[in-house]
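A quick write-up on the structure given underneath.
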Amino acid sequence: MTTTVSAYAATSATSPLTKTTVERRAVGPHDVAFDIKFAGICHSDIHTVKAEWGTPNYPVVPGHEIAGVVTEVGSEVTKYKVGDHVGVGCFIDSCRECDNCKAGQEQYCTGEYGMHGTYNSTERDGSPTYGGYSTAIVVDENYVLRIPDSIPLDKAAPLLCAGITLFSPLKHWNAGPGKQVAVIGLGGLGHMGVKLAHALGAHVTVLSQSLKKMEDGLRLGADEYYATSDPDTFTKLAGKFDLILNTVSANLSMGAYLGLLKTDGTLVELGIPEHPLEVPTFALAGGRRSISGSMIGGIPETQEMLDFCAEHDVTPEIEVIEASYVNEAYDRVLSSDVRYRFVIDASTI
Ligand code: NAP
Ligand code: ZN
Ligand code: ZN
């Protein structure tokens, strides 16, 4: 039997999110049902509902940073039991057969079925997926993460997207002792980048629009902090970094930032702005520099990240809000006034 749950949804690109209800499927043999306790607000939620990435399937119930407590498991479930603390990130299914799925990189699924998003996508039966701005969800156990006991659920939620999105490229490009890492943008993603890169032992520099958040940045683990509004920043830091992680949700002037890379350095594009980026090729060719991208992380690496965060006491800085505040929270994210992730208390939905 399906269950009706409360949710917050956007019904068009221009209307505010409002309270509604959605149906959750009956718990199948491989499913885990859980009560959502907290859901983070990611800038991707805003890009999606505002149709900046194409017109989504309204109504959209956003939310792919979901943490909660298991209420029911299917007959074949082996990994979870009632009462467990669990999470779900950006996807709830994938083909399970392609090389990437087999390697635990489900986010890059190349199979015909593809990676299926937690919202604005479809379930196996073709029905729409609805995300975490709701009170409960049912997900196949293979796409559910275990939240370590030492991480409170409100702080665990943002790890499911912001955390893994920074952890994966930091690991892939070997951030660690002796490596110079820069993080552009001190928002939801960026502040996790600072904490994780610091925990991995890298030398961390924040490149923010201004020095307004400098004290915070240094407290979170940055070794250096610069304002990109100051042109001197780009001369002072020329050729300094092995790795630059760009978390900015808008288009930046790539040439200026490429100049900050060492020879063979890499700038990883994590922000996904509405419009394509322009890349000046001299800045790329001179210095054999690379621009790459990276998208979230697979299920095994997301679990590794959660366990790493528990072990190293790395958790996000959050502002827990009532669901009715979601539209104001969106406005504050858009004006870079987030310190540093809004998390919806699902009991207020
Ligand atoms: P966020 O909290 O809004 O952080 C973005 C930060 O970028 C802001 O705090 C601000 O930092 C800086 N910024 C914003 N507008 C800017 C502008 N016009 N010029 C320069 N800097 C600007 O957003 P988020 O949730 O971290 O997400 C960031 C981006 O990553 C979004 O595009 C999102 O869709 C994308 N994303 C990608 C993945 C992935 O898998 N690749 C996963 C999640 C999110 P300062 O105030 O410090 O300058
Ligand atoms: Zn996200
Ligand atoms: Zn696949």
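Counting starts at 1 for both ligands and their atoms, following the listed order. Computed over heavy atoms, backbone and side chain alike; hydrogens, waters and symmetry mates excluded. Every value quoted in this text rests on a predicted model; they were computed, and no experiment measured them.
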With heavy atoms of Arg341 as the reference, note each atom of ligand 1 found under 4.0 Å away. 24 (P), 25 (O)
Can you see whether Tyr113 has Arg124 sitting over its ring - NZ or CZ less than 6.0 Å from the centre and within 45° of the normal? yes
Once rounded to the nearest 0.5 Å, what's the spacing between atom CD1 of Ile151 and atom CG of Leu159? 5.5 Å
Could you tell me whether Lys212 approaches ligand 1 through its side chain, its backbone, both or neither, with non-hydrogen atoms closer than 4.0 Å? neither
Is there a polar contact between ligand 1 and Glu269, counting only N or O atoms under 3.5 Å apart? no
Location of contacts on Phe342 toward ligand 1, heavy atoms closer than 4.0 Å: neither
Of Lys195, Lys155, His191, which is the lone residue that meets side-chain hydrogen bond (donor to acceptor under 3.5 Å, both in side chains) with Glu317? Lys195
In terms of residue, atom name and distance, what is the protein heavy atom nearest to atom 37 (C) of ligand 1? Leu270 O, 2.9 Å
So how far is it from Thr165 OG1 to Leu170 CG, rounded to the nearest 0.5 Å? 11.0 Å
Going by atom types alone, do Thr4 and Glu23 pair a side-chain donor with an acceptor below 3.5 Å? yes
Is a salt bridge present between Lys236 and Asp230, judged by a nitrogen-to-oxygen distance below 4.0 Å? no
Polar contacts were defined as any N/O atom of the residue lying under 3.5 Å from an N/O atom of the ligand; does this apply to Ser294 and ligand 1? yes
Which residue holds the protein heavy atom closest to atom 14 (C) of ligand 1, what is that atom called, and what is the gap in Å? Ser336 OG, 3.6 Å
Out of all atoms in ligand 1, which are within 4.0 Å of some heavy atom of Lys213? Include the element for each. 9 (O), 11 (O), 45 (P), 46 (O), 47 (O)
Per-residue contact class, Val338 against ligand 1 - non-hydrogen pairs under 4.0 Å: side chain
Considering only protein heavy atoms, which is closest to atom 26 (O) of ligand 1, and at what distance to one decimal place? Leu189 N, 2.8 Å
Spell out, yes or no, whether Val183 and Leu237 are grouped together once hydrophobic residues are joined by side-chain heavy atoms under 4.5 Å, including indirect joins. no
Below a 4.0 angstrom heavy-atom separation, can you tell me which part of His47, side chain or backbone, both or neither, approaches ligand 1? side chain
Between Asp84 and Lys81, is there a salt bridge with N-O shorter than 4.0 Å? yes
Verify the cluster assignment for Met295 and Ile184: are they in a single hydrophobic cluster under the rule of side-chain heavy atoms below 4.5 Å apart? no
Using the rule given for side-chain contact (heavy atoms from CB on, under 4.5 Å), can you reason through Cys42 versus Ser44, listing the C-alpha separation, both sets of side-chain angles and the distance that settles it, and then say yes or no? CA-CA 5 Å; Cys42 176; Ser44 302; 3.5 Å; yes
Evaluate the criterion side-chain contact (heavy atoms from CB on, under 4.5 Å) for residue pair Lys179 and Leu200; output intermediate values, then yes/no. CA-CA 10 Å; Lys179 287 286 167 76; Leu200 288 164; over 6 Å; no
Would a hydrophobic clustering, with Ile, Leu, Val, Met, Phe, Trp and Tyr connected at side-chain separations under 4.5 Å, put Val73 with Val27? no
What does the angle at the Zn ion (ligand 2) come to, between atom SG of Cys42 and atom SG of Cys161, rounded to 10°? 130°
To check your reading of the site, what angle at the Zn ion (ligand 3) do SG of Cys95 and SG of Cys98 form, to 10°? 110°
What atoms of ligand 1 come within less than 4.0 Å of a heavy atom belonging to Val333? 3 (O)
When you measure from atom 9 (O) of ligand 1 to every protein heavy atom, which one gives the shortest distance, and what is it? Gly187 CA, 3.3 Å
Taking heavy atoms and a distance under 4.0 Å, where does Leu334 meet ligand 1: side chain, backbone, both or neither? neither
Backbone, side chain, both or neither: what part of Val248 comes under 4.0 angstrom of ligand 1, heavy atoms only? both
Side chain, backbone, both or neither: Cys161 near ligand 1, heavy atoms under 4.0 Å: side chain
Minimum-distance protein heavy atom relative to atom 42 (C) of ligand 1: Thr165 OG1, 3.3 Å
Any nitrogen or oxygen of Ile272 lying under 3.5 Å from a nitrogen or oxygen in ligand 1? Just yes or no. yes
Do Ile46 and Leu160 sit in one hydrophobic cluster, given that two such residues count as connected whenever their side-chain heavy atoms are within less than 4.5 Å of each other, even indirectly? no
Which atoms from ligand 1 have a heavy atom of Trp53 less than 4.0 Å away? 34 (O)
Are Val138 and Val82 connected in the hydrophobic side-chain network, where two residues link if heavy atoms are under 4.5 Å apart? no
With only distance considered, is Cys42 within less than 3.5 Å of ligand 1 through an N or O on each side? no
Rounded distance (nearest 0.5 Å) linking atom CE of Met192 with atom OG1 of Thr315: 7.5 Å
Per-atom contacts of ligand 1 with Gly271, taking only distances under 4.0 Å to non-hydrogen atoms: 29 (C), 30 (O), 32 (O), 35 (C)
I need the nearest protein heavy-atom contact for atom 28 (C) of ligand 1: residue, atom name and distance, please. Thr247 O, 2.9 Å
Where the side chain of Asp223 meets the backbone of Thr205, is there a donor-acceptor pair that is under 3.5 Å apart? no
Which atom of His64 approaches the Zn ion (ligand 2) most closely (N/O/S): NE2
Using heavy atoms and a threshold below 4.0 Å, how should the contact between Ala250 and ligand 1 be classified: side chain, backbone, both, or neither? side chain
Which atoms of ligand 1 have any heavy atom of Ile296 under 4.0 Å away? 39 (C), 40 (O)
From NE2 (His275) to CD (Glu52), nearest 0.5 Å: 7.5 Å
Quick one: look up the protein heavy atom nearest atom 33 (C) of ligand 1 and list residue, atom name and how far away it is. Ser44 OG, 3.4 Å
Pick from Ser249, Gly190, Gly188: the one approaching atom 2 (O) of ligand 1 most closely through a non-hydrogen atom: Gly188
Need the ligand 1 atom indices (1-based, order shown) with element for anything under 4.0 Å from a heavy-atom of Leu252. 19 (N), 20 (C)
Give a yes or no on whether a salt bridge exists between Glu304 and Lys171, defined as a side-chain N under 4.0 angstrom from a carboxylate O. yes
Can you name the atoms of ligand 1, numbered from 1 with element, that are less than 4.0 Å from a heavy atom of Ser208? 45 (P), 46 (O), 47 (O), 48 (O)
Looking only at protein heavy atoms, identify the closest one to atom 24 (P) of ligand 1 and say how far it is in Å. His43 CB, 3.5 Å
